[in-house]
Structure formats: structure tokens, C-alpha cells
K.L.:
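Below you will find the structure I want to go over with you.
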Amino acid sequence: MKLGVLTAGGDCPGLNAVIWAVTRSALDADDEVIGIQHGYAGLADRDYLALDQASIKGLLGSGGTILGTSSFEPHREGAIERIKESMEADGIDALISIGGEHTMEIGRRIFTDDGVPVIGVPKTIDNDVSGTDYTFGFDTAVQTATDAIDRLQSTAQSHDRVMVVEVMGRNAGWIAVHSAVAGGADAVVIPELATTVEELAEGIESRHRRGKSFSIIVVAEGAKLVFGDGVERLVQPVETVDDYGYPRLGGIGAVLARELELRTGFEARVAVLGHIQRGGTPTATDRLLATRFGIKAYDMAKAGEFGRMVAWQGNVISSIPLEEAAKVKPVDQATLDMARKLFSYC
Ligand code: F6P
């Protein structure tokens with residue numbers, strides 16, 4: 001069997017571990033693997049990287065993706081026929097497509113409409129792919145954000161400041177809630193909960209009345225700025241969308257810090273963690289999850305289980321149809337309940 005493996009959408013820690021695990025599994029069984037460069041663009045252009053023992057050496061723990069990635073969409077670019085021709089010409093029997101929720105939708109379409117034998121592997125720091133409890137990349141991002149919050153605690157305390165920490169996560173608050181809890185923050189603002197600016201200001205003032213001189217507020221980039229009079233505002237750095245058509249997010253931290261400073265009179269600062277959360281080496285947890293996903297994807301290719309995504313459900317590696325994966329997974333009820341309990345003004 002000859003497998004093609006590609007990475008699509010944004011990068012995240014653990015992509016290389018999946019490539020490593022797929023290749024190891026295939027080579028151990030005398031199967032062949034080719035790496036497809038820059039996502040689906042590389043399949044349309046037949047832009048490949050041979051994957052063998054030498055090329056995967058040391059890959060397990062490295063960040064990013066050795067294959068490169070892109071937001072190239074086969075149908076949008078009118079490239080589906082070229083993709084099918086490449087697979088035919090190069091004898092690719094199965095395609096392992098590692099990506100986020102949008103990449104799973106691409107996989108669903110090319111499998112259902114065009115008969116491409118594809119298996120999805122869910123990645124993203126956002127942890128927002130439906131049908132899997134966790135995606136790899138998330139644990140590393142949460143660890144990075146938690147480390148940042150730990151550092152911000154001491155400087156906030158020294159200066160009696162309100163420190164607003166803006167984290168990524170697109171339209172889901174997973175990174176925000178997990179890092180806020182792990183870092184011992186005082187409040188969290190996420191898309192799933194409509195916390196008002198006034199409630200946050202009152203929470204900060206109440207902390208001060210109780211003798212606390214500083215506060216840490218974690219805000220998810222996709223949260224809306226909600227005011228007591230019902231006004232809601234999605235903050236975007238520029239009014240643009242990305243290659244997949246989603247709004248580019250970022251900037252709510254600075255606006256929120258200013259609003260809180262105006263309302264409370266306490267000095268406020270913002271720290272935007274941005275792509276630092278996506279970079280660097282994956283945690284051990286992410287390496288393990290990515291490795292398990294890679295082995296499972298190879299096994300599914302061998303068994304001809306196409307049109308499905310590898311998933312982590314209740315501590316078991318399983319798989320689900322791609323159509324069940326291709327939608328955003330918001331923060332679940334149990335996690336929201338924890339946030340409400342710990343952060344009284346959520
Ligand atoms: O989906 C991962 C993510 O890092 C989001 O959290 C963020 O909104 C987005 O990608 C940033 O995308 P880009 O790398 O295109 O700026």
C-alpha cells in the first residue's frame with residue numbers, strides 16, 4: 001500500500017508526531033508513505049517529500065510541520081480533478097489528511113462527492129473539533145498560556161495592576177478556561193458565556209475591597225465585548241476574513257483593559273499571547289495523542305475505513321464519520337460549570 005500524508009490549515013505542536021507515527025507504522029509493515037507538501041496544494045501540484053527512516057529521525061518531539069501547510073481548498077481552487085489525477089498517477093491508495101474542523105469538511109466533500117479515499121486526523125490548539133474529546137496541540141497551548149499567566153501574576157502583584165491576558169481559540173473558549181483555571185486567574189471571558197464589562201469591573205472592585213490589590217483576567221480572542229445595556233461587539237484587528245472565510249480575530253484584550261481601567265480606576269495592561277501558543281515543541285501529552293492518532297490512521301487506511309476521522313472519546317481511540325467532525329465544538333457544560341464556580345462573576 002502507498003499512503004499520502006498532508007497537513008492543512010494552521011500549524012500546531014504535534015503535527016510532526018503524527019507524520020512520524022504514520023511513517024513508522026507503514027515502514028514496519030513494508031508499506032510506502034509520501035509526504036505531500038503545503039496541504040492540498042502539494043497534491044494538486046505533485047509536490048512531494050519522500051518519507052523514510054532517515055527523514056523522520058527526531059521528528060516526534062519537534063514543533064510545526066516538516067511538510068508545510070496551506071489553506072488550499074480543492075473545490076474552491078477548481079483543483080479536484082488534478083488531485084484525483086495525482087493520486088492515480090502516483091499510485092496513492094489512501095490519503096491521511098491532518099487538519100482542523102474545516103479540513104475535516106474538505107475531507108468529507110472529496111470523499112462523498114469525488115470518491116477520494118481519505119482519513120482525517122484532528123489537530124488544533126483550539127480543541128474545537130466535534131466528535132473528539134481532545135485534539136493534539138491543545139495541551140501544549142494551554143501549558144504555554146499557563147506559564148505566561150504564572151509570570152504575569154508576579155508583575156501584576158508588584159504594580160497593583162489589572163492584567164488582561166488574551167489567548168487564542170477562535171470561536172471557542174477552551175484554551176481560555178483551561179489556562180485560567182490552571183494559572184489561578186481571577187476571571188475568564190469566553191464566547192460561550194456572556195460576561196459583561198460591568199460585571200468584570202465590579203468583580204475587580206470587590207477583590208480590592210477584600211484586600212486584593214491585583215487581578216488577572218483571561219480573555220479568549222473570539223469572545224464578544226458585552227456591555228450591561230445589551231450592546232455586544234466582536235473585536236477584530238482589521239475587518240477581514242481568513243482564507244477559509246472566518247473573521248480574523250484578536251484585539252479584544254486591549255479594548256477590555258481600557259474599559260476596565262476607565263471603570264475601576266485601576267491601572268490595566270494587556271498581554272497578547274498570539275502565535276507563541278502555536279509554536280515550540282509539543283508536550284508529552286500531545287506527543288502521545290498525536291502518536292496514537294497516527295497509528296490509528298494507518299490502521300484505518302489498511303482496513304479501508306475511509307471517510308472517517310480518528311477520534312479520542314472517553315480515553316479510547318476510535319473513529320467517527322467525517323460529517324460528524326466538520327462542525328465547531330464549543331466548551332462543554334461541565335467545563336462551563338467549573339468556570340462559573342471558580343470565577344464568580346462569569
Ligand atoms: O485555529 C488556530 C488559530 O491559531 C486560532 O486560534 C487563531 O484565531 C487562528 O488560528 C490564527 O490564524 P492565523 O495563523 O492565520 O493568523
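Indexing begins at 1, ligand by ligand and atom by atom, following the structure's order. Model, not experiment: these values are computed from the prediction.
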K.L.:
With a cut-off of 6.0 Å (strictly less than), are more than 12 heavy atoms of other residues, nucleotides or ligands near CZ of Arg24?
P.N.:
no
K.L.:
So is Lys296 actually on top of Trp312's ring, under 6.0 Å and inside 45° of the axis?
P.N.:
no
K.L.:
Compare every heavy atom of Pro13 with every heavy atom of Ile125, then report the nearest pair and how far apart it is.
P.N.:
CG2-CD, 4.1 Å
K.L.:
Can you confirm whether more than 12 heavy atoms, excluding those of Lys2, are under 6.0 Å from its NZ atom?
P.N.:
yes
K.L.:
If you count heavy atoms of other groups shown closer than 6.0 angstrom to CZ of Arg76, is the number above 12?
P.N.:
yes
K.L.:
With the criterion set at N/O pairs under 3.5 Å, what does the list of contacts between the protein and ligand 1 look like, atom names and distances included?
P.N.:
| residue | atom | partner | partner atom | Å |
| --- | --- | --- | --- | --- |
| ligand 1 | 1 (O) | Asp126 | OD2 | 2.6 |
| ligand 1 | 1 (O) | Arg170 | NH2 | 3.4 |
| ligand 1 | 4 (O) | Arg278 | NH1 | 2.8 |
| ligand 1 | 6 (O) | Asp126 | OD1 | 2.8 |
| ligand 1 | 6 (O) | Gly169 | N | 3.2 |
| ligand 1 | 6 (O) | Glu221 | OE2 | 3.2 |
| ligand 1 | 8 (O) | Glu221 | OE1 | 3.4 |
| ligand 1 | 8 (O) | Glu221 | OE2 | 2.5 |
| ligand 1 | 10 (O) | Arg170 | NH2 | 3.4 |
| ligand 1 | 10 (O) | Arg278 | NH1 | 3.0 |
| ligand 1 | 14 (O) | His275 | NE2 | 2.9 |
| ligand 1 | 14 (O) | Arg278 | NH1 | 3.0 |
| ligand 1 | 14 (O) | Arg278 | NH2 | 3.1 |
| ligand 1 | 16 (O) | His275 | NE2 | 3.2 |

K.L.:
Partners of Glu205 by side-chain contact (heavy atoms from CB on, under 4.5 Å), sequence neighbours excluded?
P.N.:
Glu202, Arg209, Thr264, Phe266
